[in-house]
Amino acid sequence: MTRWGFGRGLRHSRLQSILAVAAIAAAVALPVVLVGVGGGVSAHELDQIQTAGYQIVVSASGTHGISNAHSVARAIEGVGQVTAASPILSVAIDAFVGSGGAQPVLAEGVIPDEFSPTLGPTESGLFPDPLPLGDPTDSVHYANGSYSGPASLDVLVSTPYVAEFGVTVGDHLLLGPDANRSQAVSYNVTGTFGVPLNLLGPTGAFAILLPLSDLQVLSGYATGPNASVPDAADTVEVAVASSIAANPGAIDRVESQVQALYPYYGVSALSQEAQQLEAASSVLTGFYLALSSVGITVGLLFLALVLLRRVEADRRSIGIRRALGLPGSSIAGGILRDGFLLAGAGALVGVAAGIVLVDALASWSSGAVQEAAQLAVFSPTFLAALCAGVLLLSLLASGVATRAALRIEITEALR
């Protein structure tokens, strides 16, 4: 039944074929984009969890909600099988280079000796080891909560910030809580570090690392009457001994002990987060497929209408072939073949269009859309299953047209 050539009728048939292929391609491109991007983002997040150097996270509600972070870290280190407890405070502050104006940066305050062991294999290569931030334990300046000891005033700067503003090791960088230059403090740039993939966007790329006590004083989160949260931190990342790092049961026991120490803080194991993420990813993929099934159904209905229209246009031809003794299976085979070819072409075009669209978003869009598109993963198994599903469903659409063709009365068709 597929006809390619010249003439008004043939041009109309070609247009119908093109529209049928386009309808199916559009329907197939949707799940390719949704599942590819959604699955890629989920896989990236899962990989970040599974390759993190720490296994347990302590968090609190509110802004910088963990108080007395230094003592919390020491107490957690006393739990059996814990090898490091790294409190981290993240605050947006302003940096001044030379005589220029304020530039927002993401500052993270850490205890150097505790921070490095909690880095995963990917991130550990981005930071110098040991961290050149003065006092490794951050105890001299902290001085048991008095903050009366001498501050190291050392800072590490991210490589994107170095490239943008020309800062080099040995330079001085003014850091302040806001754009008021008079409140800024001069820090020594003692090293640089790369930017992990999960620090996205210009604020994350322009990042600095400094001792926890220094950042607490600078941002107003040290111990004192004006501190809304004394000795504040956002999280405490806990690393366990390598002998139990792959043992969920042993990690759960350590988690329970940490939770018993701080019942009012949230304590979670990354293995639990990974399980929750996998479950959420499965639900989301199911939703994507359910949403895409609507488009695929519409595309196949359009295919069925195109095939029915061809049967109606070929009524006389079908009647002549039936009168000459051509078996119904031969006529049915031609219709099924046409439906199969149109659906196959639509599926292939849809897969290619979906991949090209995601690549275009990854190259030329911006912000979160670009970041998500760059993480897209196109599973050959999923793409093959999607195409196979469309081809199988095309048999239903072809079956409708086949039934109509075989029900044509020969005598009526030959009139």
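Along the sequence shown, residues carry numbers from 1.
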Discussion item. Ring-plane angle category for F127 and F115, please: parallel below 30°, perpendicular beyond 60°, tilted otherwise.
Written reply: perpendicular

Item to complete: Give the ring-plane orientation class for F165 versus Y161, where under 30° counts as parallel, over 60° as perpendicular and anything between as tilted.
Response: tilted

With distance as the sole criterion, is a donor-acceptor pair present between the side chains of [X] and [Y] under 3.5 Å?
X    : Y    : result
N188 : T190 : no
S86  : E237 : no
D113 : T137 : no

From [atom1] ([X]) to [atom2] ([Y]), nearest 0.5 Å:
X    : Y    : atom1 : atom2 : answer
C387 : L348 : SG    : CG    : 5.5 Å
L342 : I24  : CG    : CD1   : 7.0 Å
L303 : I296 : CG    : CD1   : 13.0 Å
D338 : S17  : CG    : OG    : 7.5 Å
D154 : D135 : CG    : CG    : 10.5 Å
Q374 : S365 : CD    : OG    : 7.5 Å

Check: [Y] main-chain N/O paired with [X] side-chain donor or acceptor under 3.5 Å:
X    : Y    : answer
D94  : A102 : no
S398 : L395 : no
S152 : G134 : no
Q259 : Y265 : yes
D178 : N180 : yes
D171 : T168 : yes
N68  : D231 : no
Q81  : A241 : no
S158 : I208 : no
E114 : A85  : yes

Item to complete: Go through the steps to decide whether V358 and F378 satisfy the test side-chain contact (heavy atoms from CB on, under 4.5 Å), and finish with yes or no.
Response: CA-CA 10 Å; V358 172; F378 301 104; 3.7 Å; yes

Practice prompt. Under the side-chain contact (heavy atoms from CB on, under 4.5 Å) rule, what do V35 and L289 come out as? Steps first, then yes or no, please.
Written response: CA-CA 8 Å; V35 176; L289 294 177; 4.2 Å; yes

Discussion item. Between D252 and E255, does the side-chain contact (heavy atoms from CB on, under 4.5 Å) criterion hold? Intermediate values first, please.
Written reply: CA-CA 5 Å; D252 288 344; E255 177 194 352; 3.6 Å; yes

Worksheet item: Who are the side chain to side chain contact (heavy atoms under 4.5 Å, CB included) partners of T63, not counting sequence neighbours?
Response: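 Here the qualifying residues are Y221.
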
Fill in: side chain to side chain donor-acceptor pair (under 3.5 Å) contacts in which one or both residues fall within residues 288-306, not counting sequence neighbours
none

Discussion item. Applying ring pair (Phe, Tyr, Trp, His ring centres under 6.0 Å), can you list everything that pairs with F382, at least two apart in sequence or on another chain?
Written reply: none

Practice prompt. Take atom OH of Y262 as the centre, draw a 6.0 Å sphere, and report whether it contains more than 12 heavy atoms from other residues, nucleotides or ligands.
Written response: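 Enclosed: over 12 neighbouring heavy atoms sit under 6.0 Å from OH of Y262.
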
Discussion item. Within the structure provided, determine whether V185 and L174 are in side-chain contact (heavy-atom separation under 4.5 Å).
Written reply: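 Counting from C-beta outward, V185 and L174 never come under 4.5 Å.
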
